[in-house]
Amino acid sequence: MSSKLVPTVCLSNGHEIPVLGYGTYLAQEGQCVELVKKAIDAGYRHIDTAYLYENEVEIGQAIRAKIAEGVIRREDIFVTTKLWNTFHDPQHVEEAFRRSFDMLDIGYIDLFLMHSPMGQQFAGYEYGDLQAKDADGNTLFSEVDYVETWKAMEKLVSSGRVRSIGLSNFNSEQIQRVLEVAKIKPVNNQVEANPGYDQRKLIDFCKAHGITVTAYGPMGRPHRTTYGNRNALDDPRVLEIGRKYGKTGGQIILRYLIDIGTIPIPYSTNDERMKQNIDVCDFKLTEEEIEYMASFHSARTIPFMPLKSHKFYPFNIEF
C-alpha cells in the first residue's frame with residue numbers, strides 16, 4: 001500500500017504529520033524491529049514511541065534498515081518520542097532527550113512530547129529506574145512544575161535535533177498554563193481517545209489553540225469491562241456501518257477518530273490488521289454515523305491510578 005494514501009496535517013510550526021501512525025507501546029525487545037519494518041512496508045510513515053517503552057533502539061534500527069533498502073528516506077517518516085515523568089527536573093531534560101536521540105540514531109526527532117504533567121522523583125536514567133518508589137511500593141512524586149520542564153524542552157529545539165515539541169495527557173487548564181509561559185508553543189497533545197472516551201471537548205480546545213491531538217488507545221479496551229465502557233468494536237450498528245463502506249469495525253473506529261480531528265496511533269502485531277488499520281483514508285463517515293460513534297462515550301479506560309493523588313493529576317476535570 002502506498003503511503004501517499006495517508007494524508008498529512010500541518011502543525012502550527014509548518015511541519016507536517018501523517019494523520020495516522022503506528023503505536024509501539026507494547027512492541028517489546030525481540031519483536032519491535034520486525035514489526036516496525038512491516039509497518040513501514042504497509043505504508044505507515046508515522047511511528048510513535050517513548051523512553052518508557054524501552055524500544056527506541058529497535059525502532060531506530062528498523063527505520064535505518066528501511067532507509068538503506070531504499071523503501072523510505074529519512075524525511076518520509078515522522079517519529080515521536082517522549083520525556084518520561086522522572087526526568088521533569090530541568091537539569092535532567094537535556095540528558096534524557098540525548099539518550100532518546102542516540103538510541104533512535106535517525107538524525108533528528110520529529111516530535112518530542114512531555115509524557116505527562118505528573119513528575120516523579122528521579123532515580124536514574126536506566127530502564128530499571130523509571131518508576132521511583134518507596135519501600136512500600138508507592139510511587140514517589142516530584143514537586144517540579146511542568147511549566148519549568150516545558151521551558152527546558154524549548155531549549156532543545158534550537159539544537160536542530162528535534163523539530164517540534166508538545167505534550168501528552170494534559171488537560172485544558174494545564175495546556176493553558178503552558179501556553180502562558182511558552183516561547184515555543186506545543187504543537188501536539190497526545191491523549192487517550194476512542195469511542196468510549198472521545199475527548200471532543202479537549203479536541204476543540206486544542207484546535208482553537210493550534211494544537212493537534214494524537215489519539216492513543218484508539219480501540220479502548222474492547223475485551224475489558226472494568227470501566228463500564230460499551231464495546232464499539234463488535235457493536236452491530238458499527239459493523240453495519242462497516243459493511244456500507246466495505247470496512248471492519250476497527251476501521252470504522254479509526255475513521256471516526258480521524259473525522260473528529262485526531263491522529264490515531266493503533267498498534268497491532270497481526271499483518272492483516274496492520275494493513276487494515278492504515279486503509280481508512282478512502283472514505284468519511286456521515287454526521288449521523290459520527291454521532292452514533294460518539295454515543296459510546298462513557299469513561300476513560302486508562303486512568304493512571306498509581307498517580308491519582310499527584311497534584312498535577314490531569315483527569316479530575318471534564319477536559
Side-chain angles (χ1 to χ4, degrees), residues 1-12 16-23 42-46 48 172 188-223 225 227-268 270 272-302 318-319:
M1 177 177 295
S2 170
S3 61
K4 292 179 181 179
L5 296 179
V6 180
T8 61
V9 293
C10 193
L11 301 172
S12 61
E16 295 192 348
I17 181 172
V19 299
L20 186 141
Y22 183 67
Y44 290 85
R45 296 296 181 263
H46 172 186
D48 182 90
S172 59
N188 182 266
N189 185 29
Q190 184 175 133
V191 296
E192 178 189 354
N194 47 63
Y197 197 68
D198 69 13
Q199 294 275 34
R200 288 199 291 178
K201 290 184 178 179
L202 182 59
I203 294 163
D204 289 344
F205 174 89
C206 288
K207 184 177 180 180
H209 291 86
I211 299 170
T212 56
V213 174
T214 298
Y216 70 74
M219 304 298 174
R221 295 187 177 185
H223 304 299
T225 57
Y227 304 104
N229 295 73
R230 290 165 55 214
N231 177 14
L233 196 59
D234 299 318
D235 177 79
R237 172 66 177 138
V238 173
L239 295 178
E240 180 184 333
I241 294 169
R243 286 191 290 273
K244 170 185 171 182
Y245 296 107
K247 304 293 182 180
T248 66
Q251 287 172 307
I252 297 302
I253 289 172
L254 294 172
R255 185 66 239 180
Y256 165 70
L257 290 168
I258 294 171
D259 285 347
I260 64 171
T262 76
I263 300 163
I265 47 170
Y267 167 74
S268 180
N270 178 280
E272 185 58 32
R273 195 167 298 115
M274 192 184 288
K275 293 173 182 176
Q276 289 175 355
N277 286 345
I278 201 172
D279 186 19
V280 294
C281 298
D282 57 350
F283 73 107
K284 287 188 175 183
L285 300 180
T286 67
E287 285 300 319
E288 180 183 0
E289 289 162 349
I290 287 172
E291 289 311 309
Y292 181 74
M293 299 301 293
S295 73
F296 287 88
H297 180 76
S298 54
R300 169 175 296 282
T301 69
I302 308 169
E318 184 181 5
F319 68 99

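The figures here come from the full heavy-atom set of this structure, side chains too, leaving out hydrogens, waters and symmetry mates.
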Does the side chain of [X] reach to within under 4.5 Å of the side chain of [Y], using non-hydrogen atoms?
{"X": "D48", "Y": "Y216", "result": "no"}
{"X": "I260", "Y": "M293", "result": "no"}
{"X": "S172", "Y": "L202", "result": "yes"}
{"X": "I265", "Y": "Y44", "result": "no"}

For the atom pair [atom1] ([X]) and [atom2] ([Y]), what is the distance rounded to the nearest 0.5 Å?
{"X": "S295", "Y": "I290", "atom1": "OG", "atom2": "CD1", "answer": "12.5 Å"}
{"X": "T248", "Y": "L254", "atom1": "OG1", "atom2": "CG", "answer": "8.0 Å"}
{"X": "I278", "Y": "L20", "atom1": "CD1", "atom2": "CG", "answer": "6.0 Å"}
{"X": "T301", "Y": "M219", "atom1": "OG1", "atom2": "CE", "answer": "12.5 Å"}
{"X": "I263", "Y": "T212", "atom1": "CD1", "atom2": "OG1", "answer": "4.5 Å"}
{"X": "D235", "Y": "I253", "atom1": "CG", "atom2": "CD1", "answer": "9.0 Å"}

What are the two closest non-hydrogen atoms of [X] and [Y], and how far apart are they?
{"X": "L233", "Y": "L239", "value": "O-CD2, 3.8 Å"}
{"X": "P218", "Y": "P195", "value": "O-CD, 3.7 Å"}
{"X": "N231", "Y": "D234", "value": "ND2-OD2, 3.6 Å"}
{"X": "L285", "Y": "F283", "value": "CD2-CE1, 3.9 Å"}
{"X": "A294", "Y": "R200", "value": "CB-NH2, 3.2 Å"}
{"X": "V19", "Y": "P264", "value": "O-CD, 3.3 Å"}

Please confirm whether the backbone N or O of [Y] pairs with a side-chain atom of [X], one donor and one acceptor, at under 3.5 Å?
{"X": "Q251", "Y": "G242", "value": "no"}
{"X": "T262", "Y": "L257", "value": "yes"}
{"X": "E16", "Y": "T8", "value": "no"}

Going by the side chain to side chain donor-acceptor pair (under 3.5 Å) test, name the single residue among K244, R255, K284 that passes it with E289.
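In the set K244, R255, K284, the residue that makes a side chain to side chain donor-acceptor pair (under 3.5 Å) with E289 is K244.
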List the steps and the verdict of side chain to side chain contact (heavy atoms under 4.5 Å, CB included) for V6 and H46.
CA-CA 10 Å; V6 180; H46 172 186; over 6 Å; no
For N277 and Y22, which I'm curious about, is there any donor-acceptor pair between the side chains at under 3.5 Å?
no
Side chains of Q190 and N188: any donor to acceptor distance under 3.5 Å?
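Their side chains do not contain a donor-acceptor pair, so the 3.5 Å distance test is not met.
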Passes side chain to side chain contact (heavy atoms under 4.5 Å, CB included), V213 versus Q199? Steps please.
CA-CA 10 Å; V213 174; Q199 294 275 34; 6.0 Å; no
So Y292 and F296, would you call those rings parallel, tilted or perpendicular, with 30° and 60° as cut-offs?
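Perpendicular, since the angle between the ring planes exceeds 60°.
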How are the rings of Y197 and H297 set relative to one another: parallel (under 30°), tilted (30 to 60°) or perpendicular (over 60°)?
parallel
Assess the residue pair E291 and E288 against the criterion (side chain to side chain contact (heavy atoms under 4.5 Å, CB included)); give the C-alpha distance rounded to whole Å, side-chain angles, the decisive distance to 0.1 Å, and a yes or no.
CA-CA 5 Å; E291 289 311 309; E288 180 183 0; 5.9 Å; no
Salt bridge present between K275 and D279 (N-O < 4.0 angstrom):
no
Going by an N to O cut-off under 4.0 Å, is there a salt bridge joining R237 and E240?
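Yes, R237 and E240 are salt-bridged.
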